[in-house]
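Have a look at the structure below before the remarks.
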Number of protein chains: 2
Amino acid sequence: MTDISFKDYESKFKALADEKRLQIMYELTQRGNTCVCDLTDIFEMSQSKLSYHLKILLDAGFITREARGTWSYYEINQEEVSHLLSEELCCIFKSAQEGNNCCEVTNEKEACC
Amino acid sequence: MTDISFKDYESKFKALADEKRLQIMYELTQRGNTCVCDLTDIFEMSQSKLSYHLKILLDAGFITREARGTWSYYEINQEEVSHLLSEELCCIFKSAQEGNNCCEVTNEKEACC
DNA sequence: AAGATAAATCAATTTATTTTGATTTAATTT
DNA sequence: AAATTAAATCAAAATAAATTGATTTATCTT
């Protein structure tokens, strides 16, 4: 408790400290498992640039990669997001699926968003 | 909802993306309202360097300032922290006071830490 | 096997952030 | 009023991160 690894948190927050990377995370949250080639289209971003940002998110643990042939599919790592971010950010980076009850609009009341 | 201001989140996460600033926030959480001169002693950091980092945290809204004569006292802005960060980070950046029930050790069970 | 495609990596450049030491501003003390 | 102190600001230098275009690796197609 006295010796918290702020260095670890630094690198995690650093990964989140970029508009493009946040947009990538949002897009992955919305679309689920997504191929790099689709992301280049969506963001009109060069392939190497996208790879660079995906690697940063991957290294920080916010997304996961699954290789299928020549394709790479990336997905949000819900657990890591939940560990770090508030429920109030749930609508942005937590999908409606995956066993969390954010972003659901029920009969009587709606959740955070 | 479609047009989330990722730029705003970028700057907030950028402010958190530094080991020293996280340590400053932790210290402010522990000590409560604290003077700059005390912080220079604690962190063995030059005065201008500390001012620089405090300004970044202040601009991001994570801390507040109160001037008393030649002294400046800084304090954690619990609300901003809570809006952004998970309950699991409560032990680090949320004080036991201030009406949140994190970090309290009660008779039967203890909270997140 | 040759050609095409997807994505990662690399090196060089550009851009942004941090550090440093000096200066400034303002309040307090003698 | 002069000297001292606290803290913010500034400009220059140092360090770190992002962008670019080219290259590499691996898989897939013909």
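Residue numbers begin at 1 in each chain, while the letters A, B, ... track the order of the sequences.
- Proximity of the aromatic rings of A/Phe6 and B/Tyr26 is defined here by a centroid distance below 6.0 angstrom, and this criterion is met.
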Criterion salt bridge (Lys or Arg N to Asp or Glu O under 4.0 Å) on B/Glu80 and B/Lys12, from CA distance to verdict: CA-CA 10 Å; B/Glu80 190 62 45; B/Lys12 285 190 190 299; 3.2 Å; yes
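- Remark: side-chain polar atoms of B/Asn77 are not paired, donor with acceptor, to backbone N or O of B/Thr64 under 3.5 angstrom.
- At whole-Å resolution of the value, CG in A/Leu50 and C1' in C/dA7 are 10 Å apart.
- Nearest to the side-chain atoms of A/Ser48 among the listed nucleotides C/dT18, D/dA6, C/dT9 stands C/dT9.
- Rounded to whole Å, the distance from OH on B/Tyr74 to P on D/dA6 is 15 Å.
- At the heavy-atom level, A/Ser51 lies under 4.0 Å from base atoms of the strands shown.
- A/Ile56 places its CD1 atom 13 Å from the P atom of C/dA8, with the value rounded to the nearest Å.
- Closest approach to the A/Thr70 side chain among C/dT28, C/dT5, D/dA18 is made by C/dT5 (side chain taken as heavy atoms from C-beta onward).
- Comparing atom distances between the B/Cys37 side chain and each of D/dA7, D/dT9, D/dT20 picks out D/dA7 as nearest.
- The nearest heavy atom of DNA chain D to B/Leu54 and to A/Gly69 marks one nucleotide each, and the one closer to the 5' end goes with B/Leu54.
- Panel note: side chain B/Arg21, backbone B/Ala15; a donor-acceptor pair is recorded below 3.5 Å.
- The residue A/Arg68 sits apart from the nucleic acid: no heavy atom pair falls under 4.0 Å.
- Taking 4.0 angstrom as the limit, B/His53 places a side-chain polar atom (N or O) nearer than this to OP1 or OP2 of C/dT19.
- If you check D/dT20, D/dA7, C/dA6 against the side chain of B/Ser72, the one that comes closest is D/dA7.
- For A/Arg65 and C/dA8, the shortest distance from a side-chain N or O to OP1 or OP2 is below 4.0 Å.
- Atom CG of B/Asp59 and atom C1' of D/dA8 are 12 Å apart (whole Å).
- In this model, the phosphate group of D/dA16 is not approached by any side-chain N or O of A/Lys14 to a distance below 4.0 Å at OP1 or OP2.
- Whole-Å rounding puts the B/Lys20 NZ to C/dT17 P distance at 14 Å.
- Here C/dT9 presents its C1' atom at 13 Å from OH of A/Tyr52, a figure rounded to the nearest Å.
- A/Gln47 has its CD atom 5 Å from the C1' atom of C/dA7, to the nearest Å.
- Distance B/Glu66 CD to D/dA8 C1': 17 Å, rounded to the nearest Å.
- Checking side-chain atoms of B/Ser86 against main-chain N and O of A/His83 turns up a donor-acceptor pair under 3.5 Å.
- Considering only side-chain N and O atoms, A/Lys49 lies under 4.0 angstrom from the phosphate OP1 or OP2 of D/dT20.
- Position along DNA chain D of the nearest nucleotide to A/Arg21 versus A/Trp71 favours A/Arg21 as the more 5'-ward residue.
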